[in-house]
Every structure is written in structure tokens, then in C-alpha cells.
2 protein chains.
Amino acid sequence: MSSKSPVCFTQKVDVLELLRDGRARTRAELVAESGLSRSTVGARVDALLGHGLVVVAGEASSSGGRPPARVVFNPTARLVVAVDVGATHVTVALTDLSGLVVDVVTLDLAVAAGPDVVLGAILREARRMVAAAGRRPAEVVGVGVGVPGPVEHATGRPVSPPIMPGWDGFDVPAAVQRVFDVPVLVDNDVNLLALAEQHAAWPDVTELVFVKVSTGIGAGILAGGQLQRGASGSAGDLGHLRVPWVPDSPRPADDPRDLEAVASGPAIAERLRGLGLEARTSADVVALVRGGDQRVHAAVRQAGRDLGAVLSGVVNLLNPSVIVVGGSISRASEHLIAGVREVVYGQSIPLATHDLRIVRSRTDHTAGVLGAALLVTRQVFAEDPLPHLIRSG
Amino acid sequence: MSSKSPVCFTQKVDVLELLRDGRARTRAELVAESGLSRSTVGARVDALLGHGLVVVAGEASSSGGRPPARVVFNPTARLVVAVDVGATHVTVALTDLSGLVVDVVTLDLAVAAGPDVVLGAILREARRMVAAAGRRPAEVVGVGVGVPGPVEHATGRPVSPPIMPGWDGFDVPAAVQRVFDVPVLVDNDVNLLALAEQHAAWPDVTELVFVKVSTGIGAGILAGGQLQRGASGSAGDLGHLRVPWVPDSPRPADDPRDLEAVASGPAIAERLRGLGLEARTSADVVALVRGGDQRVHAAVRQAGRDLGAVLSGVVNLLNPSVIVVGGSISRASEHLIAGVREVVYGQSIPLATHDLRIVRSRTDHTAGVLGAALLVTRQVFAEDPLPHLIRSG
């Protein structure tokens, strides 16, 4: 696209949106950067100061007289409840408005216990944490929840989630809002990992695919800078893609398999059992990887090749600039990503791989709650934030 | 997502953006709908009236006295040059601001003649058309160009396009701007078909994949309502995806092929030659389809199945709500889409196919220039439109 630089008319930038980057600014700088009038900026800054959302930061240099005050965003002024519901564990965190964790706890609790039990436990923990931090429930501006299944994003209801009995169509926001009457955002857990990875490691990348290899295999797709959820929330279901056959494959060509059936933790474990090793779960595979057995490394590498065969198609189709491979097996072994790289760089079209980076995840086990917190703060700040933020004012 | 409805603060809607839907409104209605002040709306409407971009439409009902004037968008006030560069033909159109064609011509001109020859001919035609319409060159607000290859969207330069010798990295906007000094937007031709199809047939759909089956096979992906071009402009390269083997396939399992090698016009022609029929090109295949030979229908249906095997993966990955199949072979025969439906509905995950519609294209051979015009108007109206629109004022 080539055009003259236009005068911004329709999209003025809010003062708080500007200050979120953490840089201190004078009111004059805010007027210049926002395009808003001096009086609007003044009223806005006064309101934000009154609510503690910005604080006076220090003094800017000036040509003389009393230097003008600079204000800076105060992310600790409000709280977010960020939740990562896994198959067998639930992590509940309290974060500030930048996603920084104030308190966090992981519960041994299966998602299969159902929404009443799981959400009940989550809400008890969240209330306890708010009190323990010496804060008030009204300081919570939003709740973000990641779940291990597809979610209808507009309503926050899980949609036919295979490993979440009792959750299909359950109105998660309504249940949470009985305790915290704030925006409640629910999303697939891998989407939240993609969001967290981008935020922590690739802030300038708009085309990113995050792949989680664990008990299942799923992807979170960022395209055009936006999480892509598809029409019914099932986008990124990499595990059900057919693995294309390649000439040196260990499987017969006329026995095509879905990716999850050959490259997930349980699938690798099955292959290892065939070699006489004791393995059932992803955790067993990780333990064997740490033992250093060459046969284990070879099995993990072949899983990486199979993943690469599927990702070659994803690269041709979506042309991402970064593919991040995460999940427990990727964390334990470099052989998974080595297999992915071998096949993707060998099979995808040159234009799509020219600047493609295939990397391991740089985030840790707290990425799920970071993603949940980001989901909330992006939503709250994308709308007019004040009505959400000043409830406790 | 669940939240209280927030007061819109950061994103006011411009008057012209509102009026683009073609509905007439009073100034009071514009104040209410835009969130802008009465004086801002008044000044804006006066400016738009002065430039002919809106006109007085008639009279609204009122509680008495002189009824307030209603204004309506006047799409004929300005022009767009919309160009569709194909492998062997170039279509140049002059449209109004709604994409309606004022004049159009198709030239026998191969893209392989190179950018100087092709763009030279395009610019001559465009200037001739503007004059023939009794308009001035300054009334042209933008130029949209579709080309048969990947394009770096930010710069409008083709990137390693396989069938466009001489165009790699060529600065198309700069060449066009020597004649029309306006925004010039360049995109892959299939992306523009996707845009045109959505505009004409699926205006409320945000997740749409348009597939063109012709000499090559490519896709335009709309996700989250936005065209997805990927990191280097090569997103949608469906033709280089591997066709997953299925048990009733006519090909051996250990001879995997790319989609373009089995389902494009030339690939279908090759299969028909194997049956003793005379066919080389997509046009030959279309002619044979019209002849009604059952062997031809069967070959086209198998191409549809192969396309479906690839699209099954696309459905799992992107979860679109609409897949549109276009291109000359789809237009000529229902058997292509029948094959696609057979495989996609059989192989994709139920959640992703539950509400999926797989349909034939409803647009015709002018879709390329319509898409090029839409690319321009969306860009021009997304920014502050007045500086672009009032050049001729």
C-alpha cells in the first residue's frame, strides 16, 4: 500500500491507551500524541489520577519555571483474576493490569469434575487471594479463563469439548459473574498460550502459530495480529489434521493417521512401549527423554517430523513468520523441534520459509494465566476502560 | 465475552463512514449515531456537500415546521481505477466509490510481457476511460491492482511470483503514481476474488475461504473479517499443499502429490488425455465438460475429492463458516463441488462442519475488478477519507 499520510480523524487514541506502554508523559505530550483537545486530556488525566490509575511520575525538563508534571500508568491500581483450567490441574492467579502475577495457586482438580465444582473452587481461591492481598473484590476489573477445549468466544461457552464432560454450552461468564460482576472472557487454553508467547517473546510479530504438544496437539493462530478462533471456536485443531506420507516414513503409506495419533505424548509413549519401554503418558515420555536413551530421542524426533509434515501445509496456507513449539515434550527435548525444522524447511514453498523462524516456547508453566490476564486487559482497554476500571472509585 | 456495554470513547465513527451504507440521514441522526458533536457533524456535512460526496436526499418526517434535510452518500462523486491482471488477459475498469463499473475493457496482454508494457497499457486505458466518461483524472481517488502472484502488501511489490517474469520486487505503486498520484493498492488476484465474493454474496460472514481452481489453485482467506496475507504475502497457497491419501484414491498411496498436480485444469486435462481425449488447458476441460461425457464428469469429481481432502485440513485448522469454490472449472461443472462436499463433510471434525457451507462462486468474471475497487475504497474510507477524496475539490 502506498498513500499520503492522512490526518487521523476517526480514531483518536485515548490517554490511558497511550500511557499503558509505561512511559511517563506530560499533559502537553498527551495532547500531541492523542489528538484530543487540551481540556479533554486535562479532564481525563484528572479522572485517572483520582482513581489511582495514573500517578505523578516525576518532572520533565522545561525551559524555565515550575517543570510540568509527568504522569505514568499505575498497573497495580486494579486486579485481574486469571485462570488456566487444565485436564487435571487448575491454576488460579491474581495479576495486576500488566499481567504481573500477585498471587498464584495450582489445584489438583480435574476439569471432568464439571463446571460447578471447578468454578466453585476457582472462585473460592480468587476471593481468598484478593483478601490475602489486602485488596477489595471491587478492584477486580475482569476474569479470564482458559479451558482445554473449543469455546464460542462471543458467549464464553465451551462448545462440544471432548475432555470436559458437563461443560458443553455451560455459561461460564454467568457463573463467574455471580461472584465477580465484571467482564469474563473464556478461551481455548492454547489460544491463551499463543497470546502469552507473543506478548513475552514476539511483541512485534503479527503472524504467529503456537503449537502445544502434550496429551493432545493443538495450535493457537495469530494472523493479522489477532487470535483466530474460527466460526465456532474450533480453529487451530491441528491434532485432527492428516499427516502427509513422506518416503522415509516409518508407517505404511496406505495407513494415513491424524497428527494426534502419531505425535502426541500418548502416541510417542505407545511407540516406546513397542520398544519394550514403560510409558503411558506425556510425563512418562519426558522422564524417559531425561534418561538419555537414544531410542527415545529417535521416537521424539520422528514425532517432530510428523508434526513438521502437517506444519509444512500450515506454513504454505498461512505464511506465518514465527512457529513456536511448546508443551511438556518440547520443553524436555530438542529433538522434537529438530524434526519439525527438518521437514518444514525441506517441504514448504521457499517464499513462505524464507524468513520463517521455528522456535521453542520461551514461556513457562505460568503462560496460561498470563494469556488469560492479557485477554482481559486487552478487552478492557480496547473499550472505553473507565467504566470498567472505576467501579471501586 | 460478556461485559456491560461501554460508552464509546476512543472510536468515534465518521459521518462519511456512516453514510456509506447508502441510507439517508438527518444531521440529528448523524449526531446520534456518530457520537460526534453537533458542530462537528455540521461542519463535516457542509464540507461533504461542498465536494459533492453527499447530496440532499429528500425530507424526513418531522413534528412540524420545515422538515430537516436528509443527506445521502453520492458514490458517483469520485472514481476508482480497478485492474485485474491475469496470466494472458488484463481487465481495466473505472468504477464509482461503491464498486459499480462505469467502463471496462479486457486486453489480450500477457503478464509475462513485463511490468513496463503491462502497466503502460493499463494506464493508457485508464486515462482514456476517464476522458471518455467526461471526468477529470483528479477525480480518481485510488488505483487497485490484482496480480497472479504473491504481493508484499505493505509496499505493493510482487514477491517471487512464478508466472510473472520481470515483476519480482517491482514497485507497482510508484509506476502507477507517475500518472495517478493517489493511493495504489496491489494484491494477489485470488485475495481480491475473496473480497468481491464476500461483498457480493456473504456480507455478514467474517470467516470465508475462497478457492480458485483454474490453471493453478489458490485461496483467499478472510479470517476475523480481514484478508490474511501472511508474513510475505504468500498465504492461501493451497496448490502446494500435499493431498492426503484416502483409501479409494485412484493414485497409489506412496506417490503423494501436491494439490495443483492433481486438481488444476491442466492436471485434469492430463487425466483426460490418458482416456484418449484431447485436452491441454482449463478451457479444454470446460469444453469437454459441456460435451457431457461421463468420463469427464468423473475426472472433475475426482479433482473435487482431492481438493476436498486438502480443504478438510483447512476446515479443521481455520474453522471457516463458508468455503466458496470458483474458477472456470467450478463454473462449468457441479461435479467439482460435489467431490469437495463429499470429502470435507466426511473427513473434517463435526464441530467445524456443523454450520459450514460449501458453495460455488456467485460472482462472475468481473469479480477481480470489483475486488480491486473494494480494496481501494476500504483503504480510503478506513483512513480519514477527506484528504483523499477532495483533491479535485
Side-chain angles (χ1 to χ4, degrees), chain A residues 1-4 6-14 17 150 153-156 159-160 173-174 177 183-185 207 223-224 226 228-238 240-242 244-245 247 253-254 256 313-314 316-321 349-352 354-355 379 383-384 387-388, chain B residues 1-4 6-14 17 150 153-156 159-160 173-174 177 183-185 207 223-224 226 228-238 240-242 244-245 247 253-254 256 312-314 316-321 349 351-352 354-355 379 383-384 387-388:
Chain A
M1 201 281 299
S2 169
S3 73
K4 296 146 193 219
V7 182
C8 178
F9 180 87
T10 52
Q11 304 219 346
K12 290 190 173 131
V13 179
D14 184 44
E17 184 64 32
H153 186 64
T155 63
V159 190
S160 310
Q177 282 165 341
V184 176
L185 295 141
E207 319 295 320
Q226 301 295 313
Q228 299 300 337
R229 300 176 176 97
S232 359
S234 78
D237 187 349
L238 214 61
H240 291 97
L241 263 67
R242 198 59 57 85
W245 184 79
D254 60 356
V314 174
N316 286 348
L317 189 70
L318 295 179
N319 182 205
S321 46
I349 58 170
L351 178 56
H354 190 265
D355 296 319
Q379 176 71 28
E383 300 172 350
D384 181 11
H388 294 305
Chain B
M1 203 280 301
S2 169
S3 74
K4 297 147 195 218
V7 181
C8 178
F9 181 85
T10 52
Q11 303 219 348
K12 290 186 173 136
V13 179
D14 184 44
E17 184 64 34
H153 186 65
T155 63
V159 190
S160 310
Q177 283 164 341
V184 176
L185 295 141
E207 319 294 319
Q226 301 295 314
Q228 300 300 337
R229 301 176 175 98
S232 359
S234 77
D237 187 349
L238 214 61
H240 291 97
L241 265 66
R242 198 60 58 85
W245 184 80
D254 60 356
S312 297
V314 174
N316 286 349
L317 190 69
L318 294 179
N319 181 204
S321 47
I349 59 171
L351 178 57
H354 190 265
D355 296 317
Q379 176 71 29
E383 301 171 348
D384 181 9
H388 293 306

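The chains referred to below are lettered A, B, ... by the order of the sequence lines, with proteins before strands, and numbering in each begins at 1. Just so you know, these numbers use all the heavy atoms, side chains as well, and skip hydrogens, waters and symmetry mates.
- Counting all heavy atoms, side chain and backbone alike, B/Gln379 lies closest to B/Leu185 at CB-CD1, 3.6 Å.
- Taking chain B as the reference chain and counting heavy-atom pairs below 4.5 Å, the highest number among A/Gly230, A/Pro244, A/Gly236, A/Gly233 is found for A/Gly230.
- Using a 4.5 Å cut-off between heavy atoms, B/Ile349 touches chain A through its side chain atoms alone.
- Of the atoms belonging to A/Gln226, not a single heavy atom falls under 4.5 Å from chain B.
- Heavy-atom distances place both the backbone and the side chain of A/Asp254 under 4.5 Å from chain B.
- The minimum heavy-atom distance linking A/Thr155 with A/Pro173 is given by the pair O-CG, 3.4 Å.
- The shortest heavy-atom contact between B/Glu207 and B/Ala223 is OE1-CA, 3.6 Å.
- Remark: the backbone N or O of A/Pro183 is not paired with any side-chain donor or acceptor of A/Gln177 at under 3.5 angstrom.
- Between A/Arg229 and B/Asn319 the shortest heavy-atom distance is O-OD1, 3.6 Å.
- Only the side chain of A/Pro150 comes within contact range of chain B, with heavy atoms under 4.5 Å apart.
- For chain A, the option among B/Ser234, B/Gly224, B/Ser321 with the highest count of heavy-atom pairs below 4.5 Å is B/Ser234.
- For the options B/Val159, B/Leu317, B/Val314, heavy-atom pairs under 4.5 Å to chain A are most numerous at B/Leu317.
- Taking each heavy atom of A/Ala253 and B/Trp245 in turn, the nearest pair found is O-CE3, 4.0 Å.
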